[in-house]
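Following: one structure in structure tokens, then a few remarks.
Atoms within a ligand are numbered from 1 in the order they appear, just like the ligands themselves. Heavy-atom basis, side chains included; hydrogens, waters and symmetry copies ignored.
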Amino acid sequence: MIKINYLKTMVLGMGLLVASCQSKQVQFTEADIQIIPKPAQVTLNSGSFEFNGDTKIVVSSDEQLQASEVLLQALQSAANLKLEVVKEKPATNYITFKTNETLGKEAYNLTVANGFIEIEANGFSGELYAMETLRQLLPSKIESNSVVEGTDWIIPNISITDEPRFEWRGLMLDVSRHFFQKEYVLKTIDRLAYLKMNTLHLHLVDDQGWRIEIKQYPKLTEVGAYRVDQENKAWNARPTPELGEKATYGGFYTQDDIKEIVAYAQKRGINVVPEIEMPAHVTSAIASYPEFSCLEKPVMVPSGGLWPITDIFCAGKDSTFEFLQNVLMEVMELFPSKYIHVGGDEATKTNWKTCPHCQSRMKTEGLENVEELQSYFIKRMERFVSSKGRILIGWDEILEGGLAPGATVMSWRGVKGGLEASAEGHDVVMTPGSHCYFDHYQGPMDSEPLAWGGYLPLSKVYQFDPVVEEMTEEQAKHVLGGQANLWSEYIPTTDQSEYMIFPRVVALSETLWSPKDNRNWDEFTPRLENMLERYEYQGINYAKSAYTLRANATVNDTTKVVAISLNNEFPNPDIRYVLNDGVLDKDAIQYTGPIEINKTTTVKASLFENGKPVGKVFEKTFNYHKAVSKPVEYLTKYSDSYKGAGTTNMVNVLRGTKNFHDGQWQAWIGNDMELIINLEASEEISEVTVGTMESQGPGIYFPTKIEVFTSNDEGKTFNRVGVIERPAEVSGNVELKDFTIAFEKQKATHVKVVAESLKKTPKNGSGWLFVDEIIVN
Ligand code: TNX
């Protein structure tokens with residue numbers, strides 16, 4: 001909540017300077033305060049404080065000096081101001097600290113008044129966060145890494161009372177699927193601290209790479225950190241490397257690197273949580289030491305997708321546990337984190353079912369099934385971790401077969417794991433795929449770089465709440481907070497990593513820090529834009545996907561007009577558009593309501609800010625064909641899960657994209673598509689096109705056969721006029737395809753289309769048939 005507390009007569013408006021003997025004065029307004037995450041309480045007062053060559057900072061501890069670094073550095077590099085650090089308070093023009101032991105560890109109170117700034121905190125984190133707030137109160141140019149001339153470094157007189165809603169505010173970087181250099185990790189730490197995030201979870205181990213030096217087991221990195229380079233192929237189309245093939249893609253952090261990362265993070269209030277996966281997602285470890293698997297056979301580090309994951313640690317041999325304990329000993333030496341993450345997800349336990357060691361373990365321990373064996377595995381590791389005074393945390397699969405007594409759960413498969421664990425009295429960190437998976441698309445798939453799948457736009461991240469409605473008050477107390485996860489299968493570069501993290505992490509930071517009632521999307525977005533300006537200065541490759549326009553189409557079956565509406569994620573956007581050959585500039589038509597079309601039309605549109613287009617230009621040609629807006633009778637019903645735009649879906653000019661969840665596709669499984677389009681007149685036609693998609697991963701296949709029939713007697717009798725047959729072919733791509741069936745020009749009142757779905761896929765199930773738009777001409 002922002003309270004404004006100043007005399008009306010003193011309101012002079014931003015930018016108006018009032019002469020004063022000491023420093024320049026500016027009167028700010030509420031809109032000038034753009035701090036993210038939004039502080040718990042802000043009171044804007046009249047007057048302002050100017051940083052200048054005489055400003056001093058009064059410091060009485062190393063911690064305070066360390067906390068001040070972010071501001072000192074920014075003022076030096078952007079403002080060319082070198083603040084003098086002193087021990088004694090001067091008469092005026094200074095920043096000072098005060099310890100208040102009643103405050104929480106991360107809380108701070110900040111007072112900016114005429115001539116001084118006071119920071120009240122209870123230790124380093126609060127002091128640091130006050131400094132990050134000061135930095136954000138300064139003009140965005142403060143983020144420049146070269147000196148900016150002609151700017152006054154003035155901030156408003158203000159009092160802020162602030163503390164986080166949650167104690168775990170995290171981001172996970174998967175450095176296994178693709179390796180990221182230490183320098184990028186350090187940069188990310190700075191950027192997290194800027195948003196008052198306090199946890200960096202490093203996913204150091206996965207099938208495709210072991211990324212941390214372990215002195216006792218050098219092969220983990222000699223072998224496990226490298227794979228055969230197949231970066232030129234799609235992740236899921238990379239064949240298993242041959243034994244002995246040269247492995248050149250990879251890298252790892254030495255123990256010195258890790259020490260540097262941890263120390264750097266500590267100085268920025270960030271705890272680094274290491275994740276050492278077990279018992280699955282460890283092919284890189286098995287490739288290095290096959291003796292810790294059930295089959296003990298040599299394997300290669302996979303270059304890409306691997307599913308199911310069957311080469312996992314043997315749960316029968318004591319030597320496996322000894323190995324893992326030795327690894328964790330070294331890990332705990334390096335990471336002071338209270339939490340040690342042991343993964344635990346997605347283990348396919350087929351080998352355990354036949355492995356004599358695992359079987360005998362199950363017998364002696366009285367375990368009924370392999371789920372209980374996984375639970376035994378994690379419980380045993382939990383005893384070890386807690387004996388060292390740490391807390392084991394794992395993905396929600398560690399609930400299966402019984403949760404270890406002291407374990408904390410990271411809930412990723414929705415919120416179920418979090419609900420279950422918190423009901424049993426365990427602490428939880430919420431990272432549901434629905435709101436926290438930054439490897440998912442953030443804009444329409446056809447305008448975004450290749451990603452894992454899914455759809456998580458910025459505005460949805462902003463709706464995240466780690467405490468879910470179904471939780472009792474008691475359960476809610478066990479919610480430590482939340483975290484975004486950036487899995488890196490499709491993230492080969494730091495540029496791409498930045499693109500996926502920013503600006504979604506900005507929205508996330510506010511959901512985890514600010515009081516729930518303070519959150520408001522319309523009020524957040526202008527502050528976000530200020531943050532994006534700062535990111536320009538910081539050189540972050542943030543995504544502009546929230547600006548991307550999307551179209552929707554509504555069919556009027558009386559007038560046959562199609563209304564195309566345009567929108568994006570920002571409230572009240574200034575959208576401008578032109579049709580066909582028009583030029584899209586500031587004089588383009590302002591969009592105030594749906595664009596109505598009754599012939600084939602190209603729409604070019606963009607969001608405008610200050611007279612300039614921002615984000616990607618939207619350009620689509622809407623094909624107004626002879627079936628548009630005409631009634632469609634479904635002889636076989638589409639699936640309830642993929643209804644598209646209902647009965648107008650196939651004839652509404654709007655095409656489905658590569659995102660099969662985009663709401664434009666209709667789908668069939670186990671049966672064929674069979675429908676009749678009533679042209680409502682005897683029309684001359686000569687071709688029918690059926691738009692389809694294929695994505696064999698989730699089981700979507702092109703039709704194996706398409707038949708077209710026409711009738712010119714109101715649908716009483718039909719003649720088959722064309723057919724295409726196309727046997728299924730294995731493919732790793734996501735592909736859109738239009739199948740066109742051409743025939744002799746003829747008159748027709750009705751067109752019947754039958755498209756056959758694949759009844760038996762190579763995986764032995766039925767295939768999905770996805771169709772959007774049936775174009776008749
Ligand atoms: C599931 S989330 C995984 C990861 C993948 C991710 C892709 C989790 C605990 N396991 O191994 O990278 O999906 O979104």
Which protein heavy atom lies closest to [atom], and at what distance to 0.1 Å?
| atom | result |
| --- | --- |
| atom 8 (C) of ligand 1 | D345 OD2, 3.3 Å |
| atom 3 (C) of ligand 1 | E346 OE1, 3.4 Å |
| atom 13 (O) of ligand 1 | W412 CZ3, 4.2 Å |

Subject >> Option among I398, L403, L480 that satisfies the side chain to side chain contact (heavy atoms under 4.5 Å, CB included) test with T408 >> reply: L480
Original post:
Heavy atoms only: which of Y437, W452, Y490 is nearest to atom 2 (S) of ligand 1?
Top reply: Y437
Original post:
Does at least one non-hydrogen atom of H281 fall below 4.0 angstrom from an atom of ligand 1?
Top reply: yes
**OP:** Examine ligand 1 and decide if any of its atoms is less than 4.0 Å from a heavy atom belonging to R177.
**Re:** yes
Original post:
When rounded to the nearest 0.5 angstrom, what distance separates OG1 in T692 from CG in D772?
Top reply: 10.5 Å
Subject >> CG on L758 to CD on E694, rounded to 0.5 Å >> reply: 9.0 Å
Original post:
Checking side-chain hydrogen bond (donor to acceptor under 3.5 Å, both in side chains) for the pair W168/Q483: CA distance, chi angles, key distance, verdict?
Top reply: CA-CA 7 Å; W168 186 302; Q483 176 178 297; 3.0 Å; yes
Subject >> ligand 1 N/O within reach of W487 N/O, cut-off under 3.5 Å >> reply: no
Original post:
Heavy-atom distance under 4.5 Å between the side chains of D190 and Y264, does that happen here?
Top reply: yes
Original post:
Between E400 and R413, does at least one N-O distance fall below 4.0 Å, as a salt bridge requires?
Top reply: yes
**OP:** Over 60° means perpendicular and under 30° means parallel, so classify the ring planes of F323 and W210, tilted if in between.
**Re:** tilted
Below 4.0 angstrom from a heavy atom of [X], which ligand 1 atoms are there? Numbered from 1 as shown, please.
| X | value |
| --- | --- |
| E489 | 5 (C), 7 (C), 12 (O) |
| D439 | 7 (C), 14 (O) |
| W395 | 9 (C) |

